[in-house]
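The structure appears below as structure tokens.
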Amino acid sequence: MSPVPGILYAANWKMHLGPVGAAEYVARFLARVPASPGRDLWFFPPAVSLAAVAAAFRGRPDVLVGAQDAHWEPKGAFTGAVSMPMVAEAGARAVLVGHSERRHVFGETDAETGRKVRAALEQGLLPLLCVGEKLAERDAGRTAAVVVRQLEAALAGVGADGLGHLVVAYEPVWAIGTGRNAQPADAAAVHAVIRDWLAARGAPADLRVLYGGSVKAENVVALLAAPGVDGVLVGGASLDPEGWADIVGSS
Ligand code: PGA
């Protein structure tokens with residue numbers, strides 16, 4: 001990572017790119033994207049591809065590899081799950097927590113996001129905590145209340161030290177994978193709510209808050225120009241290595 005936090009481009013591959021496809025992706029991406037000061041590149045491959053992606057990016061200090069999810073228990077009878085120590089051993093240095101697909105497809109609760117954030121910090125992993133409202137909540141004028149509730153649950157018991165190792169992503173659920181992104185001014189308004197909440201709890205001023213939800217080449221510059229937007233968390237538009245290379249080269 002840069003000594004001074006740079007713009008953070010985070011790629012969430014979701015359930016795409018196994019170890020072979022992921023290694024091919026990284027080779028194509030590296031051929032186009034040199035390290036650049038003031039820019040951090042984070043990649044969240046599926047768990048089975050973590051080791052391959054971490055190995056392929058070795059020697060690139062601007063790149064960090066993270067897991068898309070991990071259980072809060074270090075080990076045990078949890079068929080199908082992977083733990084924080086396991087993903088760290090495979091090369092992860094960060095972990096997504098509370099992505100909307102974990103919350104709304106897999107039924108993850110607010111309380112579980114809190115357990116995961118604490119387990120990640122104990123493991124020395126950087127949690128990238130995702131928060132965001134559903135369309136009905138937005139239409140009911142409850143965006144700020146939902147985001148604050150999610151922050152309170154996920155960060156209960158996390159002190160200023162833990163907040164110093166955290167990144168937050170505002171990802172309105174209605175914008176994820178729909179092609180419909182938040183307008184930069186709307187994103188900025190929610191980012192301000194998030195920043196105020198974090199600042200009141202002693203978070204460092206340089207804690208990064210990302211925007212996510214249908215970010216693509218056509219809107220990334222405007223979204224990054226919005227006040228308080230320190231980077232982007234991108235799903236669909238990060239899956240093509242040349243397309244993603246163009247996006248991370250756009251600022
Ligand atoms: P999208 O996904 O860019 O495909 O909307 C974003 C995310 O889920 O993090």
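Indexing begins at 1, ligand by ligand and atom by atom, following the structure's order. Any value given below was found using the heavy atoms of this structure, including those in side chains, with hydrogens, waters and symmetry copies removed.
The side chain of Asn12, and not its backbone, has at least one atom closer than 4.0 Å to an atom of ligand 1 (non-hydrogen atoms only; side chain from C-beta on).
Val97 is not connected to Val146 by any chain of hydrophobic side-chain contacts under 4.5 Å among Ile, Leu, Val, Met, Phe, Trp and Tyr, and they are in different clusters.
Ligand 1 places these atoms under 4.0 Å from at least one heavy atom of Gly236: 1 (P), 3 (O), 4 (O). Interface atoms of ligand 1 facing Ser214, defined by a heavy-atom separation under 4.0 Å, are 1 (P), 3 (O), 5 (O). Against a heavy-atom cut-off of under 4.0 Å, Gly213 is close to the following atoms of ligand 1: 5 (O). The His99 neighbourhood of ligand 1 comprises atoms 7 (C), 8 (O), 9 (O), with distances under 4.0 Å to a heavy atom of that residue.
Not close to ligand 1: Ala237, with no non-hydrogen atom less than 4.0 angstrom away. A heavy-atom separation below 4.0 Å is not found between Gly212 and ligand 1. In this structure, Ala175 is part of the shell of residues with a heavy atom less than 4.0 angstrom from ligand 1. Assignment of Lys216 to the shell around ligand 1 is not supported, since no heavy atom sits closer than 4.0 Å.
Annotation: atom 6 (C) of ligand 1 to nearest protein heavy atom, Gly235 N, 3.5 Å. The protein heavy-atom contact nearest to atom 2 (O) of ligand 1 is Lys14 NZ, 3.2 Å. Here the protein heavy atom with the shortest distance to atom 9 (O) of ligand 1 is Glu171 OE2, 2.7 Å.
In terms of polar-atom proximity, Gly177 is counted as a contact of ligand 1, with an N or O under 3.5 Å from an N or O of the ligand. Considering backbone and side-chain N/O of Thr178, none are found under 3.5 Å from N/O of ligand 1.
More than 12 heavy atoms of other residues, nucleotides or ligands lie within 6.0 Å of CD in Glu242, so this atom counts as buried by the packing criterion.
With rounding to the nearest 0.5 angstrom, the CD atom of Glu101 is 10.5 Å from the CE atom of Met15. Here the straight-line distance linking atom CG of Leu121 with atom CG of Leu166 works out to 7.0 Å at 0.5 Å rounding.
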Q | Verdict with reasoning, Leu155 to Arg201, per side-chain contact (heavy atoms from CB on, under 4.5 Å) | A | CA-CA 10 Å; Leu155 301 175; Arg201 276 145 193 89; over 6 Å; no

Q: Run the numbers on Leu41 and Phe57 for side-chain contact (heavy atoms from CB on, under 4.5 Å), then give the verdict.
A: CA-CA 11 Å; Leu41 303 171; Phe57 276 128; over 6 Å; no

Q: Take Val148 and Val193 through the side-chain contact (heavy atoms from CB on, under 4.5 Å) test and state the conclusion after the steps.
A: CA-CA 8 Å; Val148 165; Val193 170; 3.9 Å; yes

Q: Output, in order, the C-alpha distance, side-chain angles, deciding distance and verdict of salt bridge (charged side-chain N to carboxylate O under 4.0 Å, His left out) for Lys116 and Glu108.
A: CA-CA 11 Å; Lys116 290 182 179 185; Glu108 182 167 311; 2.7 Å; yes

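Shown here are the ring-ring contact (aromatic ring centres under 6.0 Å, His included) partners of Trp13, two or more places apart in sequence or in another chain: Tyr25, Phe43.
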